[in-house]
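In what follows, chains are A, B, ... by sequence order, proteins preceding strands, each numbered from 1.
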Number of protein chains: 4
Amino acid sequence: MLSFECDYNNGAHPAILKRLLETNNSTQVGYGEDEFTTHAKHLIAEFCGKPDAEVYLLTGGTQTNVVVLSAILKPFEGVLTARTGHIHTHEAGALEYTGTKAIELPSHNGKIKPEDLSEYLSAFYADVNREHMVFPGAVYISHPTEYGTLYSRSELVAISSICRSYGIRLFLDGARLGYGLMSYNTDVSIQDITDLCDVFYIGGTKVGALCGEAVVFPNGNLPQHFPNHVKKHGAMLAKGRLIGIQFEALFSDGLYCMIALHAIEMAERLKAVLHEKGYRFFLETDTNQQFVILSNEEMNRLSHYVRFSYWERYDSSHTVVRFATSWSTTIDDIESLRRLL
Amino acid sequence: MLSFECDYNNGAHPAILKRLLETNNSTQVGYGEDEFTTHAKHLIAEFCGKPDAEVYLLTGGTQTNVVVLSAILKPFEGVLTARTGHIHTHEAGALEYTGTKAIELPSHNGKIKPEDLSEYLSAFYADVNREHMVFPGAVYISHPTEYGTLYSRSELVAISSICRSYGIRLFLDGARLGYGLMSYNTDVSIQDITDLCDVFYIGGTKVGALCGEAVVFPNGNLPQHFPNHVKKHGAMLAKGRLIGIQFEALFSDGLYCMIALHAIEMAERLKAVLHEKGYRFFLETDTNQQFVILSNEEMNRLSHYVRFSYWERYDSSHTVVRFATSWSTTIDDIESLRRLL
Amino acid sequence: MLSFECDYNNGAHPAILKRLLETNNSTQVGYGEDEFTTHAKHLIAEFCGKPDAEVYLLTGGTQTNVVVLSAILKPFEGVLTARTGHIHTHEAGALEYTGTKAIELPSHNGKIKPEDLSEYLSAFYADVNREHMVFPGAVYISHPTEYGTLYSRSELVAISSICRSYGIRLFLDGARLGYGLMSYNTDVSIQDITDLCDVFYIGGTKVGALCGEAVVFPNGNLPQHFPNHVKKHGAMLAKGRLIGIQFEALFSDGLYCMIALHAIEMAERLKAVLHEKGYRFFLETDTNQQFVILSNEEMNRLSHYVRFSYWERYDSSHTVVRFATSWSTTIDDIESLRRLL
Amino acid sequence: MLSFECDYNNGAHPAILKRLLETNNSTQVGYGEDEFTTHAKHLIAEFCGKPDAEVYLLTGGTQTNVVVLSAILKPFEGVLTARTGHIHTHEAGALEYTGTKAIELPSHNGKIKPEDLSEYLSAFYADVNREHMVFPGAVYISHPTEYGTLYSRSELVAISSICRSYGIRLFLDGARLGYGLMSYNTDVSIQDITDLCDVFYIGGTKVGALCGEAVVFPNGNLPQHFPNHVKKHGAMLAKGRLIGIQFEALFSDGLYCMIALHAIEMAERLKAVLHEKGYRFFLETDTNQQFVILSNEEMNRLSHYVRFSYWERYDSSHTVVRFATSWSTTIDDIESLRRLL
């Protein structure tokens, strides 16, 4: 069936599978000490414009969020997040399971506002009872957000500047970072992210890989014994090559950006079709996820022909649904959708 | 370089890669709800002779150990393990990170003795201070053990019987289960394991897959909301198909057993070569891992030609090293080794 | 200095000290197995109108909140709380440190509204992604709240009824319960609380004791091996008699209620003085805490003569402060305050 | 009944109760910021011969062990302890509940040997797989131990020296420290402990107080935001004065040492009686706990007249029991015991 359900409903980009085949007979050391992983880390650091950045390859997004946050926070610290942040809503309490509190900021289509952050921090440090409270130790943002929205460069600069003035780490969840970088409507580059964040990750799972997220510590700030920390979270693969090979492929010959750009192009066509057919947008974004309000009848009708994601209830007779594109979305898919709508 | 370092120094068995290629264009639901995973679960339950067993697919061994143990233990319980148990020695404290204590029993070449278990439990329940102690809630065994050794059927029956008489769960770490089942010298079948254990897993990573461990709850005893628990541990893959496809391949056409049997055959040849060349065994096992005592000079000499694993110091001038076989070990490898020794 | 800072700025009610002296030479078993504790538990169960209620004596409020919540929640569950709930704001992340998430509901002067609770739960169970979310397992309310406010009986009935219809536990933090029960303006009795809650505690520390909180499980629902759980939290006193003796005194001859009633009487006089002097209330409550808005100049002037608590910033030139009464507040204190204002 | 069961079977030393009475009407700030606590901290630092040592007052032993260890260990570290260490045996897994592993060393009547420690550490740092293991971050010793035994000064010097050479913290559990300092047969002074340990505590509960343990960080090494950490563990009393007043009394006029010396004197008399009556010692110690082997018949006979503690099974017909003295033991008690034996 035609599927716009999400960006992880498919297999890997063919170039990745090809590379898995080519390297299969190579004998390698385990636990991410293999040559492919080493090469991939080097390629990623180069991509970030910071050759001496420390890069680690993990398996999935929730895992990466908790491994990173529990490594960078001190015992008395928690993490600030938008009310809609993935760590706060859809990770089954994985963050709290590591003993850490999520401190909520308002969400503006998935983003936090620098002024809300600033206000929270100044109020916190003015509070005489703060020794009985969780100290803000990091800010979690996603880019693109869970709603497909993007921070502008000036917003990131403002957030980063506030974090630095308070000695707080800025952590960017880039599970879909490629779509942010390749958006037609962004002024944020990977170099900006490297400059402005203390740690971030470049998502593979949702940008063409079978699995894998590349964590980047750009500033010589790798937590002490980080591999031990990864192991303690059950997040170290014996055959670490599995992720190394995929990221080697993604960051060779510009594949990562090409995959993301393709999905963006498909998303632009998708938006055009939705507009043409008179659909009402809940949120029209500059990345690969689009949110549309359907009447419940229309939603039921469509669900027989095309897969999309339930997002949330809109009102008693309407629902917000999500359409997403990925490396595997084709122009034919878009045209088929046009015919169905 | 010739490598007998471990059973995860290679890629996937070619049949697994082939299946990844064939299925790559299929659009599927995420998070392990895909058709391949469903099929794989069914095949595994059949393999265990218990069609209604509940099967879950996780990524790696340490992750599986902590996800399972933290799910089956009650808040006042810990887990009994041999002093050499993987959870107690080489998982970076992952178990304790979930708040759980490992309670140590003596190790006999990696195994626990039923009498030691029995004695511990009777002493515990005779202790008037036990309300201040961690209650024994589960027994962890590995089969094959970390030392490549195997339990006999009568030993497993005895351990299982003790566990059941005390209401304690028996959990078998089968990261290398295939090699145990296909050993020339075992009387333990998968049906025995299914009958005698409360939960166990069938290892993929070390038996031909890229990653993946299949957890089996045979007795309608799946913990409540287990997928939520998996998610909370950061152990749920968005593209769950990655593991589903691999286990579908492993449990179609007897592949899993064939891979294991091949490695056992290679291990038997390896043992013959080691004997022929007069090497001294630290532990000669019936599975795919063999432990040899080398003088440090010999160890250094060999290390230029062949990879093996440092195991432990034997004495001031000798070291215990491990040679392992896997799906990718060939007769040529064994012959090359014979020429080198 | 005159002090209305809080209800824990003093020592113990003299009757409690007297009882500590009388019993000092008695030799007793440790760890809360002493005769005084046993007697106190019996007296408390009688006070609750449920002679077979299970009662446990712990030391302080934060400790009690986390010991109880971590004991009653299942691994996939979190706790619903008002945004202003003590567990969510002023316990330094103690709850999350036990691996548990606080799920936020709106706060109405410290209280949750039954309709907000109901709406949250129905939305949760309608959400197709709920297996990726933290399940609501308990509702935390405080009575009196952190703002000195009280639930009405009908509100408690509504909340309890919603909880029971969803199979969720209702936990009432009664750190200041005495003041709620003895308020001039409440229709909630201890019997109501016993009937409507699944677990609650009767605070000692803030109602005349040196330390101590009495947890009541009214329905035969004591968690398995609860003393072991208490020990695991470092919350078991070797000389458990210290708390037993205090609660024995508090629940003999109606002392607990008399202490609370006295503080309520003083609070009523305090309110009258504040009104008489034209102070503006931020929140005028029916319990022992009153919240007043002071200009910053007035706040500074008063702070030289009388202690009160900073509560929160009101606007750029005004501050909310708290005045509290306790067993040790005297009519003279109130008159002295009248002269100062 | 005559009771030698333990050193916490009684109330507080009368001088402590007297001080609680005298101070009861004083109005004070909460949470350990009161004048008594401040004064007590000062007195304790003086007692330790280190006026600028940082001192914190907690409630009980298990609580103190986990609050301290979880504060001083880094995320990749665990704690080395004798097999019989209290944290490893009788704290219900409180240590592991904070995510920390206990790493076991052999026990020699409750003590660790410097050579065992040294051997463990050199083997650990020689192990190529150590990144998959828990790093040794601290050494836990008790003095007196759980078996009433004492380290010699030279043993403490050796252990401390090993710790410092590896950058590992030395933590001394002094729940019964007074009895160690006042033993007739020790060369270890409080100044030695202050010099040789990185953190230790001076037990109050078992040396005459109702509750309370004084943690000392002698070297300007107080963990960052330690009060926040205490709060997070539910270990901060609202009426912190309760512990402050007790320690103020204990460290005024030499009371702490006098209490301990009295118990030692009683223990010496007790040993003489046990010898005189021909009892067989399991362990005859230099502190306030003595371990005797009784035939089960004798044990049953005695248990009708005198309380003692079951320690452990000796053989099928004999049991090890413990007799302990404390501030409240009198010469009359010893004489009564002599008549009973």
Side-chain angles (χ1 to χ4, degrees), chain A residues 29-33 37 54 56 66-79 94-101 103 124-125 127-138 166-169 199 221-240, chain D residues 29-33 37 54 56 66-79 94-101 103 124-125 127-138 166-169 199 221-240:
Chain A
V29 184
Y31 300 116
E33 302 290 321
T37 299
E54 292 273 11
Y56 272 83
V66 297
V67 166
V68 168
L69 284 169
S70 62
I72 66 174
L73 291 171
K74 295 178 195 148
F76 48 88
E77 294 177 338
V79 56
L95 178 71
E96 290 81 6
Y97 191 60
T98 70
T100 304
K101 188 174 185 69
I103 306 165
F124 179 85
Y125 281 101
D127 194 322
V128 295
N129 296 316
R130 66 180 175 277
E131 203 63 50
H132 288 205
M133 298 164 72
V134 174
F135 279 68
Y166 280 95
I168 289 174
R169 280 74 71 205
V199 52
N221 57 343
L222 184 73
Q224 214 182 345
H225 290 298
F226 191 67
N228 180 279
H229 186 77
V230 170
K231 179 76 181 171
K232 189 172 70 175
H233 279 265
M236 185 178 277
L237 293 190
K239 293 188 180 173
Chain D
V29 184
Y31 300 116
E33 303 289 321
T37 298
E54 292 273 10
Y56 272 83
V66 298
V67 166
V68 168
L69 284 169
S70 63
I72 66 174
L73 292 171
K74 295 178 195 148
F76 49 87
E77 294 177 338
V79 56
L95 178 72
E96 290 81 6
Y97 191 60
T98 69
T100 304
K101 188 174 185 69
I103 306 166
F124 179 85
Y125 281 101
D127 193 323
V128 296
N129 296 316
R130 66 180 175 278
E131 202 63 50
H132 287 205
M133 299 164 72
V134 174
F135 279 69
Y166 280 95
I168 288 174
R169 281 74 71 205
V199 53
N221 58 342
L222 184 75
Q224 214 181 347
H225 290 298
F226 190 68
N228 180 279
H229 186 77
V230 170
K231 180 77 182 171
K232 190 172 70 175
H233 279 264
M236 186 179 275
L237 294 189
K239 293 187 179 173

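A distance of 13.0 Å separates OH in A:Tyr31 from CD in D:Glu131, rounded to the nearest 0.5 Å.
Using cut-offs of 30° and 60° for the angle between ring planes, the A:His225 and D:Phe135 rings count as tilted.
Only the backbone of A:Met133 has a heavy atom closer than 4.5 Å to any heavy atom of chain D.
Put simply, of A:Met236, A:Gln224, A:Lys232, the one with the most heavy-atom pairs under 4.5 Å next to chain D is A:Gln224.
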